[in-house]
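Written out below as structure tokens is the structure these notes cover.
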Amino acid sequence: NMSTSDPSSSSSSSSAASSAKKRKKLFTRELRQMMFGFGDVPNPLSESVDLMEDLVVDYIHDTLASALQVASKRGRLQTEDLVFLVRKDPKKYTRVIELLRMNEELKKARKAFDLDAAPGAPPGGAEEKE
């Protein structure tokens, strides 16, 4: 039975809360859009978005920590380490493979676009007129 006056438990929870408040919000705009897309109101409460962001950041942190443990034998984190972690979850595995394939297709398309650009042309594909 834990006492509510236990100083160690209150200091650890308050430090976790303060570190969450100090954390830079990286996904706020995207999470608001996703929450709306999944049925929330067009402008969800900031507290709801902050909670979702904390959950997302914690999930990413935990997942990368696990991937680093897998990668520790090599000393370097690689994409395959994340694929290895989600291999038993068919939905996550399929989505990861789909995103990796799409990334490769985008790289090839960018490279082909860059090769097609005229030599000396400014970036973005606009050619200089003579």
*Determine, step by step, whether Leu77 and Leu64 satisfy the side chain to side chain contact (heavy atoms under 4.5 Å, CB included) criterion, reporting the C-alpha distance in whole Å, the side-chain angles of both residues, the deciding distance to 0.1 Å, and the verdict.*
CA-CA 9 Å; Leu77 182 63; Leu64 287 175; 4.1 Å; yes

*Can you see which heavy atom on Leu85 is nearest to which on Ala67, and at what distance?*
CD1-N, 3.3 Å

*Decide yes or no for Thr79 and Leu100: does some side-chain heavy atom of the first lie under 4.5 Å from some side-chain heavy atom of the second?*
yes

*asked:* Could you report the tightest heavy-atom contact between Val86 and Tyr93, atom names first, then the distance?
replied: O-CB, 3.5 Å

*Answer yes or no: is there an ion pair linking Glu98 with Arg95, defined by an N-O contact shorter than 4.0 Å?*
yes

*With hydrophobic residues grouped by side-chain heavy-atom distances under 4.5 Å, do Phe36 and Val49 end up in a single group?*
no

_Suppose the criterion is side-chain hydrogen bond (donor to acceptor under 3.5 Å, both in side chains): which pairs have a residue in residues 40-52, not counting sequence neighbours?_
Arg32-Asn43, Arg32-Ser46

*For Arg87, which residues count as a side-chain hydrogen bond (donor to acceptor under 3.5 Å, both in side chains) partner, sequence neighbours excluded?*
none

_From CA spacing to verdict: side chain to side chain contact (heavy atoms under 4.5 Å, CB included), Lys25, Asp54_ = CA-CA 9 Å; Lys25 298 299 179 185; Asp54 289 342; 3.4 Å; yes

*Approximate separation, where rounding is to 0.5 Å, of Asp89 CG and Thr94 OG1*: 8.5 Å

*Is Lys107 paired with Glu104 through a side-chain N to carboxylate O contact shorter than 4.0 Å?*
yes

*Going from CG on Asp58 to CG on Asp62, what distance comes out if it is rounded to the nearest 0.5 angstrom?*
6.5 Å

_A quick test of your reading: do over 12 heavy atoms of other residues, nucleotides or ligands sit less than 6.0 Å from CE of Met52?_
no

*Mark yes or no for whether Gln78, through its side chain, and Ala71, through its backbone, hold a donor-acceptor pair below 3.5 Å.*
no

*asked:* Using side chain to side chain contact (heavy atoms under 4.5 Å, CB included), reason through Val56 and Leu31 one step at a time and then give a plain yes or no.
replied: CA-CA 9 Å; Val56 167; Leu31 283 169; 4.1 Å; yes

*Do the side chains of Phe27 and Met35 join up, straight or via other hydrophobic residues, at under 4.5 Å, putting them in one cluster?*
yes

*For Arg74, does the CZ atom sit with more than 12 other heavy atoms under 6.0 Å from it, leaving out its own atoms?*
yes

_For the CD atom of Glu53 and the OG1 atom of Thr28, what is their distance to the nearest 0.5 Å?_
4.0 Å

